[in-house]
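A short write-up of the structure that comes next.
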There are 2 protein chains.
Amino acid sequence: MTELHPRGVFCASLTPLQANLSPDHGLFAEHCHHLLAEGCDGIALLGTTGEANSFSTGERKALLEAAVRAGIAQSRLLPGTGVAALTDTVELTRHALSLGVETVVMLPPFYYKDVTEDGLFAAYAAVVERVADPRLKVVLYHIPQVSAVPIAFPLIERLRAAFPGVFTGIKDSAGVLANMEALVERFPGFSVLAGADPLMLPLLRKGGAGCITATSNLMAKDLAFIYRHFADAGRAADVEAAQARVVAERDRTAGPVQIAMIKALTAVRTGNDGWLRMRPPLVRLSAEQAAALRAA
Amino acid sequence: MTELHPRGVFCASLTPLQANLSPDHGLFAEHCHHLLAEGCDGIALLGTTGEANSFSTGERKALLEAAVRAGIAQSRLLPGTGVAALTDTVELTRHALSLGVETVVMLPPFYYKDVTEDGLFAAYAAVVERVADPRLKVVLYHIPQVSAVPIAFPLIERLRAAFPGVFTGIKDSAGVLANMEALVERFPGFSVLAGADPLMLPLLRKGGAGCITATSNLMAKDLAFIYRHFADAGRAADVEAAQARVVAERDRTAGPVQIAMIKALTAVRTGNDGWLRMRPPLVRLSAEQAAALRAA
């Protein structure tokens, strides 16, 4: 059986912003080092939690370059490169490879809805063919509640058949464990990563590969512990305790202002209020929400 | 009462593609001249029908430049400039103004769903403030079935109050006449443009400003006739006949493959099969669909 790739705990990292709402490269590098020190296997930057689609292609490239420049190993970086425009997805993916970053997380083109399987296949195929780099490995990104463009099983089947070795995994953020388990069963050797922190543990027990999650910005240590020891009977109690903390933190932060809340908690942890900034259309917590969070 | 701006029949024009799926500037300019000759008041390029969000910022700029270079008056061009990333929306809007194109159609940022009114207000406000050009006039773009980010009345109210003279109109593509009528009633002096061809006539009768539509790629002459003569009792029968043709053409082309179908009919009209090309995730008609269209 093929080794699953990628596997481990990947943080869907926040993107800190400067006062002008541009990405703060220095603070981002600090955050990446912190996450790796906590035990993350890598950084899935420029995803939904990272507000990636609120940044231009140039801003996205610069952030990835900053991470590489800060000494984060390329093999630990999983940037999001899938956007609405085919040519931009190609440009971002080529750029990642040019830096030695070989695995990317790729949303489907997300402007048009109810597109056909043929259309989604054509979109992903065009990216692979235009990038034309044998190093490329793609993690598909299924987050229908945000993208409104689901990644269905027949599409995965076609892509894996047409491009062996390229489509190595999926981040499943729909929050339905049964779907992740079905993916593991249907596609042996395919890396299924939970997009919701509480589901990593049950998914690992079924042969899943790990997670790419938002709460790992706050709970990386516990998630890393669970990942390393979930099969270790002697650590069962500690694993369950860590899982309980992860579930509690996820419950506390889940909801429509999740990203603002995780940023607010990171501001508290670091003592740096710069972390509170959000790029529209997302906004920081209201005074009321912030007070409720401090009280909790 | 303020003069409505923009007003008239605007074609949500198709974007013809070269073999490499880049926009075909020459064919696009030809199409624009054809639409104006048929009686369109202007060209709403780079919208949903124009596959705009499948093109990069650079490709979008180049297409608008090509239209200006081809001699289309700037006052007749209504480019779409609203994308997911704030900084790209600012860049595209500034670029339009730099060419003397002062009125743009602006989608809300469309990646995140269920964003707050505060967030959407902040996004539009940031664009206006960063563009910082008193010439700017924005047509809001309400197409919730595609963008999944509706433009609600309280948002329009806040934007018009905060930026007098900037938010001059809305393209309402939700297809609900009652919503367009309510917009006309609630916002005097606000230009309400139907996004669905059959609804332009009833909307004009209630004080609407015209349309920005897909079928006008095929039926510009009839739409222009309706627009000019809807209030002319002596032409009532001709207006009704034109309306019946518009409704029939719209019914024939409506549905999930609308853009491919309008391109296919344009290929027939011009004898140029280049028109059949679509950029993924949209795809051209299947052989079956094309045969059905030829038979009809």
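The shown structure was predicted, so the numbers you read here are calculated from the model rather than taken from an experiment. Below, chain A is the first sequence line, B the second, and so on; all start at residue 1.
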Can you check whether A/T57 reaches B/T57 side chain to side chain, under 4.5 Å on heavy atoms? no

For each of B/L120, B/D88, B/D118, B/L282, tally heavy-atom pairs with chain A at distances under 4.5 Å, and name the one with the top tally. B/L282

Shortest non-hydrogen contact from A/T87 to B/S54? OG1-O, 4.1 Å

If you tally heavy-atom pairs under 4.5 Å between each of B/M278, B/E91, B/E51 and chain A, the highest tally belongs to B/E51

If you tally heavy-atom pairs under 4.5 Å between each of A/S147, A/A126, A/P108 and chain B, the highest tally belongs to A/S147

With only heavy atoms counted, which part of A/Q145 is less than 4.5 Å from chain B, the side chain, the backbone, both or neither? backbone

Closest approach of A/S56 to B/A85 (non-hydrogen atoms, all atoms of both residues): N-CB, 3.9 Å

If you take all heavy atoms of B/G119 and A/V283, which pair is closest and at what distance? CA-CG1, 3.6 Å

Please walk me through it: do A/V83 and B/Y111 pass side-chain contact (heavy atoms from CB on, under 4.5 Å)? CA-CA 9 Å; A/V83 293; B/Y111 180 66; over 6 Å; no

Examine whether an atom of A/A125 lies under 4.5 Å from a heavy atom of chain B, and if so say whether it belongs to the side chain, the backbone or both; otherwise answer neither. neither

Heavy-atom pairs under 4.5 Å with chain B, option from A/L107, A/V257, A/V149, A/T116 with the top count: A/L107

Can you tell which part of A/I143 gets under 4.5 Å to a heavy atom of chain B, answering side chain, backbone, both or neither? side chain

Below 4.5 Å from any heavy atom of chain B, which atoms of A/D114 appear? Answer side chain, backbone, both or neither. neither

Might you point out which heavy atoms bring B/R130 and A/N20 nearest each other, and give the distance in Å? NH2-O, 3.0 Å

So, the part of A/V115 with a heavy atom under 4.5 Å from chain B: the answer is side chain

I'd like to know if the side chain of A/Y112 reaches the main chain of B/T48, judged simply by a donor and an acceptor atom lying under 3.5 Å from each other, with no hydrogens or angles considered. yes

For B/I259, is it the side chain, the backbone, both or neither that has a heavy atom under 4.5 Å from a heavy atom of chain A? side chain

